[in-house]
Amino acid sequence: MPELPEVETVARGLDKRVAGDVIESVWLGEKPEPLKSSATEIAAVLERARIAKVRRVGKHIVFDLERAPRNGRGKAQPHGQWIVHLGMTGRMQVTQPDDELLKHTHAVLKLKSGRELRFVDPRRFGRLAVVRLDAKAAAGFAAPGDEPLGSEAHRFVELFRKRKTPIKSALLNQKLLSGVGNIYADEALFRAGIRPRRSAASLTREQLRKLHGALIAVLKEAIALGGSSVSDYVDADGKEGFFQLQHRVYGREGEPCLVCQTPIKRVIIAGRSSHYCPHCQR
DNA sequence: AATGAAACCTGACAGC
DNA sequence: TGCTGTCAGGTTTCAT
């Protein structure tokens, strides 16, 4: 389901609602797929931890956790992190205990405030993991690739300019950039006037710089509108995003290009639907 | 090393 | 009503 703008929206919503709250207990479902760390390990890191901050790293939601020192006095110490990947259909809910438990709920955290934090994921492509942070201050969770919003044009150009793979595939490669997914790859390529099947190495530095600018612009616009809700995506408050109304190519196969009226084409690249205007993108 | 296809899951929707 | 096929915002694994 979610790419960078959707995960950013969810993480901001969660931070606003549960930062400062304390996790009292953890229930994890029977299905093993979503758990990347063992259930025991997840419960051990989460229980009795205070949620200091919720933020996005790539397409992951990171909960920074603290605990009071053993003697109960002094400042709370960094304790660990809860890492949530929403996969295609994952959702985070902040609920009251008696709110209806949705089918495919795989985790329920009881909070000191009396509310619950729930993870729901029908397709089970989502993943839950924890990282322990000991006193030696381990670095904590890091995305495999560059953060798209913070990347500089020069670095972006160098990252892509020698890859022979289609530029669309390269944009989806999380080891290069972490956070770009299918919708925003297509939308950025349209804005930059580049066909998705062009090999990255065939693009000029100028074209790559333009793509870099287009990508950052489209991601920022999408965040401002709360992300795209194309099927079932909702944020932590259960609200839909509105950026799908701004899509220029994604999901518009056969419809006229908003610039030149040429019908939008759909092809498969790297196993993913890819949409482009055959006239505007070369 | 790098590319592509298949696999992992469920649900929604179109067509018959 | 119900069956079949297709598609979905992602990632990992296996074969070439």
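A, B, ... follow the sequence lines: proteins, then strands. Residue 1 opens every chain.
By the criterion of side-chain heavy atoms lying less than 4.5 angstrom apart, applied directly or through intervening Ile, Leu, Val, Met, Phe, Trp or Tyr residues, A:Phe119 is grouped together with A:Ile51 in one hydrophobic cluster. Side-chain heavy atoms closer than 4.5 Å link hydrophobic residues (I, L, V, M, F, W, Y) into clusters, and following such links, even through other members, never connects A:Val108 to A:Leu35.
A salt bridge between A:Arg48 and A:Glu66 is absent, with no side-chain N of the basic residue lying under 4.0 Å from a carboxylate O of the acidic one. By the 4.0 Å N-to-carboxylate-O rule, A:Asp15 lies too far from A:Arg55 to be salt-bridged with it. The pair A:Asp21-A:Arg50 does not meet the salt-bridge criterion, since no charged nitrogen lies less than 4.0 angstrom from a carboxylate oxygen.
For B:dT3, the OP1/OP2 oxygens have no side-chain nitrogen or oxygen of A:Lys164 closer than 4.0 Å. Regarding contacts with the backbone of C:dT11, a side-chain N or O of A:Gln174 is found under 4.0 angstrom from either OP1 or OP2. At the phosphate of C:dT11, OP1 or OP2 sits under 4.0 Å from a side-chain N or O atom of A:His85. For A:Arg272, no side-chain nitrogen or oxygen approaches OP1 or OP2 of C:dC7 to under 4.0 Å. One finds no side-chain N or O of A:Lys31 lying less than 4.0 angstrom from the OP1 or OP2 phosphate oxygen of B:dC9. In terms of phosphate contacts, A:His104 brings a side-chain nitrogen or oxygen within less than 4.0 Å of OP1 or OP2 of B:dG11. Contact annotation: A:Ser169 side-chain N/O to B:dT3 OP1/OP2 distance is not under 4.0 Å. The side chain of A:Arg123 contributes no N or O atom lying less than 4.0 Å from OP1 or OP2 of B:dC8.
A:Lys175 places its NZ atom 7 Å from the P atom of C:dT12, with the value rounded to the nearest Å. The CZ-C1' distance, from A:Arg266 to C:dA8, rounds to 10 Å in whole Å. For A:Leu35 and B:dC9, the CG to C1' distance is 15 Å, given to the nearest whole Å. Atoms CG (A:Leu172) and P (C:dA8) sit 13 Å apart, rounded to a whole Å. Separating the NE2 atom of A:His106 from the C1' atom of B:dT10 is a distance of 10 Å, rounded to the nearest angstrom. Rounded to whole Å, the distance from NE2 on A:His60 to C1' on C:dT11 is 9 Å. Here C:dC7 presents its C1' atom at 19 Å from CZ of A:Arg252, a figure rounded to the nearest Å. If you take CD1 of A:Ile268 and P of C:dT6, they are 12 Å apart, rounded to a whole angstrom.
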>> Could you walk me through whether A:Lys210 and A:Glu206 satisfy the salt bridge (Lys or Arg N to Asp or Glu O under 4.0 Å) test, starting with their C-alpha distance in whole Å, then the side-chain angles of each, then the deciding distance to 0.1 Å, before giving a yes or no?
In response: CA-CA 6 Å; A:Lys210 188 169 181 189; A:Glu206 191 48 47; over 6 Å; no

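Stacking between A:Phe125 and B:dC8 is shown: the ring centroid lies under 5.5 Å from the centre of the six-membered base ring, and the planes differ by under 30°.
The separation of B:dC9 from C:dC3, taken at their P atoms, amounts to 24 Å, rounded to a whole angstrom. Taking atom C1' in both C:dT11 and B:dA12, the straight-line distance is 22 Å, to the nearest Å.
Map A:Arg163 and A:Gly271 each onto its nearest nucleotide of DNA chain B; the residue landing nearer the 5' end is A:Arg163.
Here the side chain of A:Lys59 is nearest to one of B:dC9, C:dG10, C:dA8, namely C:dG10.
Within the 4.5 Å cutoff, side-chain heavy atoms of A:Glu3 are placed close to those of A:Ile183.
Nucleic acid contact class of A:Lys103 (heavy atoms, under 4.0 Å, all strands): sugar-phosphate only.
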> With Watson-Crick and G-U wobble geometry limited to distances under 3.5 Å, how should the secondary structure of DNA chain C be encoded in dot-bracket form, using | for bases paired to another strand and [ ] for crossing pairs?
Replying inline: .|||||||.|||||||

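A search for ring-ring contact (aromatic ring centres under 6.0 Å, His included) contacts involving A:Tyr276 returns nothing, not counting sequence neighbours.
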